[in-house]
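Quick note: numbers below take in every heavy atom, side chains included, and nothing from hydrogens, waters or symmetry partners. Only a predicted model underlies this, so the values are computations on that prediction, with no experimental measurement involved.
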Amino acid sequence: LRHLERIGDRFDEYDPVVTYRIKVGKETKAIDYLRAMETCKALEAQAQRALQDIDALLVPTTMIPSLPPDVVDATLEAYQEWNPCYSRNTRVGNILRLCGLTVPCGFTAQGLPIGLMIYGKAFDEAMVLRVGYAFEQATDWHRRRPDLSWAGA
């Protein structure tokens, strides 16, 4: 209830990056929210069954290569356009209640990072960390630094 009061009286004090999400949430009807939560629970159960005999699932951390921050953060509209592209795989993990870890696994042609997402079953941090550690022992990506001279860094 306190948060609802703040949205009404002090909405302009929120960070603009999150206000568009708050606006959507404010307009969402309770029945629609409950239906979405039911869908998430069903997807979570389906994922748990599918991953029953799997220790870890490896996916790209993001589905598209990194862009320089000044492109993504140029305007609020640019952020709103790019953010869903970059958070897609991490959102899926959150919805399915998977335990996740991302580790460096390369660089784009511009020298920006590429990540490998390691997912495991809910609350199986030990397995996910073992897989991440094994990957780091087998590669040296976590020790490499990108050449960002093009960015004036």
Next item on the list: Any chance you could measure Arg91, atom CZ, to Leu96, atom CG, to the nearest 0.5 Å?
Entry: 12.0 Å
Next item on the list: Just jot down the side-chain contact (heavy atoms from CB on, under 4.5 Å) partners of Ala56, sequence neighbours excluded, or say none.
Entry: Ile118, Val131
Next item on the list: Please collect all salt bridge (Lys or Arg N to Asp or Glu O under 4.0 Å) contacts where either partner lies in residues 112-138, sequence neighbours excluded, each pair once.
Entry: none
Next item on the list: Taking all non-hydrogen atoms of both residues into account, name the closest pair between Arg145 and His142 and its distance.
Entry: NH1-O, 3.5 Å
Check: Partners of Asp15 by salt bridge (Lys or Arg N to Asp or Glu O under 4.0 Å), sequence neighbours excluded?
Finding: none
Notebook entry, point to check: Does anything in residues 108-117 pair up under side-chain hydrogen bond (donor to acceptor under 3.5 Å, both in side chains), and if so which pairs, sequence neighbours excluded?
Noted result: none
Margin query: According to salt bridge (Lys or Arg N to Asp or Glu O under 4.0 Å), does anything in residues 105-115 pair up with another residue at least two apart or in another chain? List the pairs.
Written below: none
Check: Is Ile114 linked to Leu116 within one hydrophobic cluster, defined over Ile, Leu, Val, Met, Phe, Trp and Tyr using a side-chain heavy-atom separation of less than 4.5 Å?
Finding: no
Next item on the list: Considering non-hydrogen atoms only, spot the tightest contact between Gly111 and Pro146 and give its length.
Entry: O-CB, 2.7 Å
Notebook entry, point to check: salt bridge (Lys or Arg N to Asp or Glu O under 4.0 Å): which pairs involve residues 98-116, sequence neighbours left out?
Noted result: none
Next item on the list: Could you grab the distance from atom SG of Cys40 to atom CG of Asn94, nearest 0.5 Å is fine?
Entry: 10.5 Å
Note to self: Can you confirm whether Gln52 is buried at CD, in the sense that more than 12 heavy atoms of other residues, nucleotides or ligands lie under 6.0 Å from that atom?
What the structure shows: no
Next item on the list: Could you pull out all residues at least two apart from Pro113 that satisfy side-chain contact (heavy atoms from CB on, under 4.5 Å)?
Entry: Ser66
Check: Should Leu112 and Pro65 count as side-chain neighbours, where that means a heavy-atom distance under 4.5 Å?
Finding: no
Next item on the list: Evaluate the side chain to side chain contact (heavy atoms under 4.5 Å, CB included) criterion for residues Val92 and Val59: first the C-alpha distance (whole Å), next the side-chain angles of each, then the deciding distance (0.1 Å), finally the verdict.
Entry: CA-CA 11 Å; Val92 167; Val59 299; over 6 Å; no
Margin query: For Thr102, give me all partners under side-chain contact (heavy atoms from CB on, under 4.5 Å), at least two apart in sequence or on another chain.
Written below: Thr61, Met117
Check: Under 3.5 Å, is there a donor-acceptor pair between the side chain of Asn89 and the main chain of Pro60?
Finding: yes
Next item on the list: Say whether Met63 and Leu67 are linked into one hydrophobic cluster, either directly or through other cluster members, by side-chain heavy-atom distances under 4.5 angstrom.
Entry: no
Note to self: Test of understanding: with salt bridge (Lys or Arg N to Asp or Glu O under 4.0 Å), list the residues that count as partners of Glu44, not counting sequence neighbours.
What the structure shows: Lys41, Arg97
Note to self: Side chains of Tyr119 and Val128, heavy atoms from C-beta outward: is any pair under 4.5 Å?
What the structure shows: no
Margin query: Let me confirm one number: the CG-CG distance from Leu57 to Leu98, rounded to the nearest 0.5 Å.
Written below: 7.5 Å
Item checked: Verify same cluster id: Tyr133, Leu101 (apolar side-chain graph, 4.5 Å) -> no
Show me the donor-acceptor pairs, under 3.5 Å and distance only, between side chains in residues 71-82 and residues at least two apart or in other chains.
from  : atom 1 : to    : atom 2 : distance (Å)
Thr75 : OG1    : Glu77 : N      : 3.4
Thr75 : OG1    : Ala78 : N      : 3.0
Tyr79 : OH     : Asn83 : OD1    : 3.4

Next item on the list: Take Val103 and Trp141 through the side chain to side chain contact (heavy atoms under 4.5 Å, CB included) test and state the conclusion after the steps.
Entry: CA-CA 8 Å; Val103 294; Trp141 286 113; over 6 Å; no
Item checked: salt bridge (Lys or Arg N to Asp or Glu O under 4.0 Å) partners for Arg144, two or more places apart -> Asp140
Item checked: Gln48 atom CD: more than 12 heavy-atom contacts under 6.0 Å -> yes
If you look only at distance, which donor and acceptor atoms sit under 3.5 Å apart when one is on a side chain in residues 30-39 and the other is two or more places apart or in another chain?
from  : atom 1 : to    : atom 2 : distance (Å)
Thr39 : OG1    : Arg35 : O      : 3.1

